[in-house]
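Worksheet: one structure, shown below.
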Amino acid sequence: MCVRVGILTGGGDAPGLNAAIRAVARRAFQLGHSVSGVQNGWAGCLDGGAIQELGPDDVRGILPLGGTILGTSRTNPLKVKDGVASAARVLRRHGIDAIVPIGGDDTLSVAAALHESGFQTVGVPAIGGDDTLSVAVALGESGFPVVGVPKTIDNDLSATEFCIGFDTAVGVVTEALDRLHTTASAHHRVMVVEVMGRDTGWVALAGGVAGGADLIIIPEFPLTLGDVVSHLYRRRGAGKLFSIIVVAEGAHIPELEDEAGAASDTDAFGHVQLAKRGIGDALARKVEAETGFETRVTVLGHLQRGGSPTPTDRIWATRLGVRAAELITEGKSGVIPIRRNGEVEVVPLADVIGETRRVPEELYALTRVFE
């Protein structure tokens with residue numbers, strides 16, 4: 001029996017999304033299914049006007065491309081009256097039997113709600129054999145089969161060791177630090193590099209260690225301005241005339257709260273939108289004022305989301321995407337393939353959205369070795 005599999009990408013874009021789309025689709029085609037692409041994340045499930053069939057030609061040649069051919073948004077059906085039920089109705093109306101949402105905790109929290117709203121399974125003949133498989137069939141106005149795929153450059157989903165986009169983002173930070181080292185050394189400057197990481201410091205830590213940063217500041221372990229200034233004076237006293245500081249955008253330095261500016265607006269998922277003049281700018285200005293050391297700031301921003309994915313992101317997007325399509329065929333719902341101990345494992349969606357995976361103290365201690 002042919003099952004129609006829907007695919008959507010939600011939240012911030014990330015390198016490797018197209019590789020995951022391709023993997024889900026190619027494996028679904030191989031298993032005899034048809035595939036539909038939902039445009040612009042969960043928004044496409046609400047307006048109903050942005051769902052199109054995908055064929056083999058539509059996913060050919062997209063493996064190395066950044067971004068997402070399906071588009072994305074931060075639309076949250078949980079904030080819309082009857083939003084989850086409406087999304088399920090739209091999907092059914094387009095003949096979609098199961099959905100594979102590729103995203104982070106926000107996208108997957110909607111996926112979990114879609115799954116948990118209730119469905120039953122029935123046995124149907126398996127594709128290419130005499131066995132039976134369970135295909136989840138939505139009942140009434142609620143319930144829909146869902147298998148997620150983990151994506152976020154922040155790499156902060158619990159249960160999984162890897163999220164699509166993280167490796168490429170870290171590579172961008174590392175390359176930036178390699179380039180900034182030469183000009184920092186030549187001009188004897190302090191270079192402050194602001195990277196993404198609203199709630200966690202995985203990108204800052206991995207990119208900072210790989211790029212040889214002298215100080216890394218992340219949300220999990222706040223520092224004071226005095227800590228930063230003392231660090232810089234120690235380096236100068238040791239004859240090191242330049243410094244590279246990596247700071248995650250969501251890091252907290254008490255003395256800079258006013259300097260960084262207020263940020264009161266929130267998005268559809270309740271996340272505070274950070275000030276346009278962020279912590280990197282505020283830190284650079286304070287450091288120069290306090291020490292007299294010439295200081296410059298580089299905000300990498302959306303550069304970390306763009307460009308072609310690394311081989312690691314391509315390979316793991318492929319492995320996780322293929323497994324997601326297989327789980328649909330097996331009649332599974334409310335689950336997600338993840339990387340654990342270097343292998344693909346399957347866990348409930350609730351396991352990856354239950355809490356934020358934060359940088360542990362023992363790993364952050366590694367940065368102290370190189371201060």
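These values consider heavy atoms only, across backbone and side chains, with no hydrogens, waters or symmetry-generated copies.
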- Message: Does either side chain, that of Ser230 or that of Asp227, offer a donor lying less than 3.5 Å from an acceptor on the other one?
- Response: no
- Message: Is there a side-chain contact between Met191 and Ile245 in this structure, where contact means two heavy atoms from C-beta onward sitting under 4.5 Å apart?
- Response: no
- Message: Looking at Arg340 and Glu161, is there a salt bridge between them, counting it only when a charged N and a carboxylate O are closer than 4.0 Å?
- Response: no
- Message: Between Leu225 and Glu290, does the side-chain contact (heavy atoms from CB on, under 4.5 Å) criterion hold? Intermediate values first, please.
- Response: CA-CA 9 Å; Leu225 181 62; Glu290 291 283 330; 4.0 Å; yes
- Task: Examine distances only and state if a side-chain atom of Glu288 and a backbone atom of Thr295 form a donor-acceptor pair shorter than 3.5 Å.
- Result: yes
- pair Val24-Val35: side-chain heavy atoms closer than 4.5 Å: no
- Message: Under a 3.5 Å distance rule, please check whether Gln304 uses its side chain to pair with a backbone N or O of Val173 as donor and acceptor.
- Response: no
- Exercise: identify the closest heavy-atom pair between Ser73 and Trp42: OG-N, 4.3 Å
- Message: Test salt bridge (charged side-chain N to carboxylate O under 4.0 Å, His left out) on Arg323 and Glu345; report intermediate values, then the result.
- Response: CA-CA 9 Å; Arg323 188 68 184 110; Glu345 293 190 11; over 6 Å; no
- Is there a path from Leu180 to Val287 through hydrophobic residues (I, L, V, M, F, W, Y) whose side chains come within less than 4.5 Å of each other? yes
- Item | Nearest-0.5 Å distance that lies between atom CZ in Phe242 and atom CZ in Arg189 | 13.0 Å
- Message: Does either side chain, that of Asp313 or that of Thr168, offer a donor lying less than 3.5 Å from an acceptor on the other one?
- Response: yes
- Task: Test Val346 against Leu327 for side-chain contact (heavy atoms from CB on, under 4.5 Å), laying out the working first.
- Result: CA-CA 9 Å; Val346 180; Leu327 288 166; 3.9 Å; yes
- Please answer: with hydrophobic residues joined when any side-chain heavy atoms are less than 4.5 Å apart, are Leu320 and Val335 in the same cluster? yes
- Message: Checking side chain to side chain contact (heavy atoms under 4.5 Å, CB included) between Val38 and each of Ile99, Val100, Thr9, Leu70, which is the one that passes?
- Response: Ile99
- Query: What heavy-atom pair brings Ala159 and Asp351 nearest, and what distance separates the two atoms?
  - Reply: CB-O, 3.9 Å
- Just wondering, do Ile336 and Leu108 contact through their side chains at under 4.5 Å, heavy atoms? yes
- Query: Hey, does the side chain of Ser333 reach the backbone of Val146 with a donor-acceptor pair shorter than 3.5 angstrom?
  - Reply: yes
- Reported CD1-to-CZ distance for the pair Ile7 and Arg22, which is rounded to 0.5 angstrom: 12.5 Å
- Message: The test is side-chain contact (heavy atoms from CB on, under 4.5 Å); show your working for Arg26 and Val59 and say whether it passes.
- Response: CA-CA 8 Å; Arg26 290 283 292 271; Val59 296; 4.3 Å; yes
- Task: Determine the interplanar angle of the Phe221 and Tyr364 rings, folded into 0 to 90°, and report it as parallel if under 30°, tilted if 30 to 60°, perpendicular if over 60°.
- Result: parallel
- Item | Side chains of Phe144 and Asp97 in contact at under 4.5 Å (non-hydrogen atoms) | no
- Task: Keeping the roles fixed (side chain from Gln39, backbone from Ala50), state whether a donor-acceptor pair exists under 3.5 Å.
- Result: no
- Query: Is any NZ, NE, NH1 or NH2 atom of the basic residue among Arg27 and Glu326 found under 4.0 Å from an Asp or Glu carboxylate oxygen of the other?
  - Reply: yes
- Message: Does this structure show an ion pair linking Arg4 with Glu53, if we count only N-O contacts that are shorter than 4.0 Å?
- Response: yes
- Message: Keeping Asp58 on the side-chain end and Gly55 on the backbone end, is there a donor-acceptor pair under 3.5 Å?
- Response: yes
- Identify whether NZ of Lys or CZ of Arg in Arg236 sits under 6.0 Å from the centre of the six-membered ring of Phe293 and within 45° of that ring's axis. yes
- Donor-acceptor pair, His94 side chain versus Val90 backbone, under 3.5 Å? yes
- Hey, are Arg319 and Glu343 close enough for a salt bridge, meaning a charged N less than 4.0 Å from a carboxylate O? yes
- Check for a donor-acceptor pair, side chain of Ser185 on one end and backbone N or O of His181 on the other, with a separation under 3.5 Å. no
- Taking the side chain from Arg305 and the backbone from Asp13, do they hold a donor-acceptor pair closer than 3.5 Å? yes
Sequence neighbours left out, cut at 3.5 Å: what donor-acceptor pairs do the side chains of residues 354-361 make with other protein atoms?
residue: Arg357; atom: NE; partner: Thr160; partner atom: O; Å: 3.4
residue: Arg357; atom: NH2; partner: Asn155; partner atom: O; Å: 3.0
residue: Arg358; atom: NH1; partner: Asp199; partner atom: O; Å: 2.9

- Query: Does any non-hydrogen side-chain atom of Val209 lie less than 4.5 Å from one of Thr367?
  - Reply: yes
- Message: Testing the 3.5 Å rule here: is there a donor-acceptor pair between the side chains of His33 and Thr329?
- Response: yes
- Message: Under the criterion side-chain contact (heavy atoms from CB on, under 4.5 Å), I'd like the reasoning laid out for Leu78 against Val84: C-alpha separation, chi angles, the key distance, then a yes or no.
- Response: CA-CA 6 Å; Leu78 297 174; Val84 173; 3.5 Å; yes
- Locate the shortest heavy-atom distance separating Arg179 from Thr182; write the atom from each residue and the value. O-OG1, 2.7 Å
- Message: Testing the 3.5 Å rule here: is there a donor-acceptor pair between the side chains of Thr312 and Thr310?
- Response: no
- Report the C-alpha separation of Thr183 and Arg296 in whole Å, then their side-chain angles, then the decisive distance to 0.1 Å, and conclude whether the side-chain hydrogen bond (donor to acceptor under 3.5 Å, both in side chains) test is met. CA-CA 11 Å; Thr183 188; Arg296 297 290 184 269; over 6 Å; no
- Query: Same hydrophobic cluster for Val147 and Ile164, using side-chain heavy-atom links shorter than 4.5 Å among ILVMFWY?
  - Reply: yes
- Any sub-3.5 Å donor-acceptor pair from Asn18's side-chain atoms to Gly66's backbone N or O? yes
- Between atom CG of Leu300 and atom CE of Met196, what is the distance when rounded to the nearest 0.5 Å? 9.0 Å
- Decide yes or no for Asp154 and Trp202: does some side-chain heavy atom of the first lie under 4.5 Å from some side-chain heavy atom of the second? no
- Message: Does atom CZ (Arg235) have a neighbourhood of more than 12 heavy atoms from anything else shown, all under 6.0 Å?
- Response: yes
- Task: Quick one: closest heavy-atom pair of Ala19 and Ala317, and the distance?
- Result: CB-CB, 3.8 Å
- Note on the structure: Closest non-hydrogen atoms of Ala111 and Pro101, given as atom of the first, atom of the second and distance, are CB-CG, 3.5 Å
- Query: CZ of Arg314 to CG of Leu65: how many Å apart, nearest 0.5 Å?
  - Reply: 9.0 Å
- Note on the structure: Smallest heavy-atom separation, Ser109 atom then Ile353 atom, equals CA-CD1, 3.8 Å
- Are Leu205 and Leu366 grouped together when hydrophobic residues (ILVMFWY) are joined by side-chain heavy atoms under 4.5 angstrom apart? yes
- Query: Does some side-chain heavy atom of Lys286 sit less than 4.5 Å from a side-chain heavy atom of Leu256?
  - Reply: yes
- Message: Phe29: which residues meet the ring-ring contact (aromatic ring centres under 6.0 Å, His included) condition with it, sequence neighbours left out?
- Response: none
- Is there a side-chain contact between Leu8 and Cys45, using heavy atoms and a 4.5 Å cut-off? yes
- Query: Taking Glu220 for the side chain and Gly201 for the main chain, is one N or O donor matched with an acceptor at less than 3.5 Å?
  - Reply: yes
- Query: Distance from Leu157 atom CG to Ile338 atom CD1, nearest 0.5 Å?
  - Reply: 10.0 Å
- Query: Is it the case that one hydrophobic cluster holds both Ile153 and Ile102, taking links as side-chain heavy atoms less than 4.5 Å apart, direct or via other members?
  - Reply: no
- Note on the structure: So OG1 of Thr75 and CG of Leu46: to nearest 0.5 Å the spacing works out to 7.0 Å
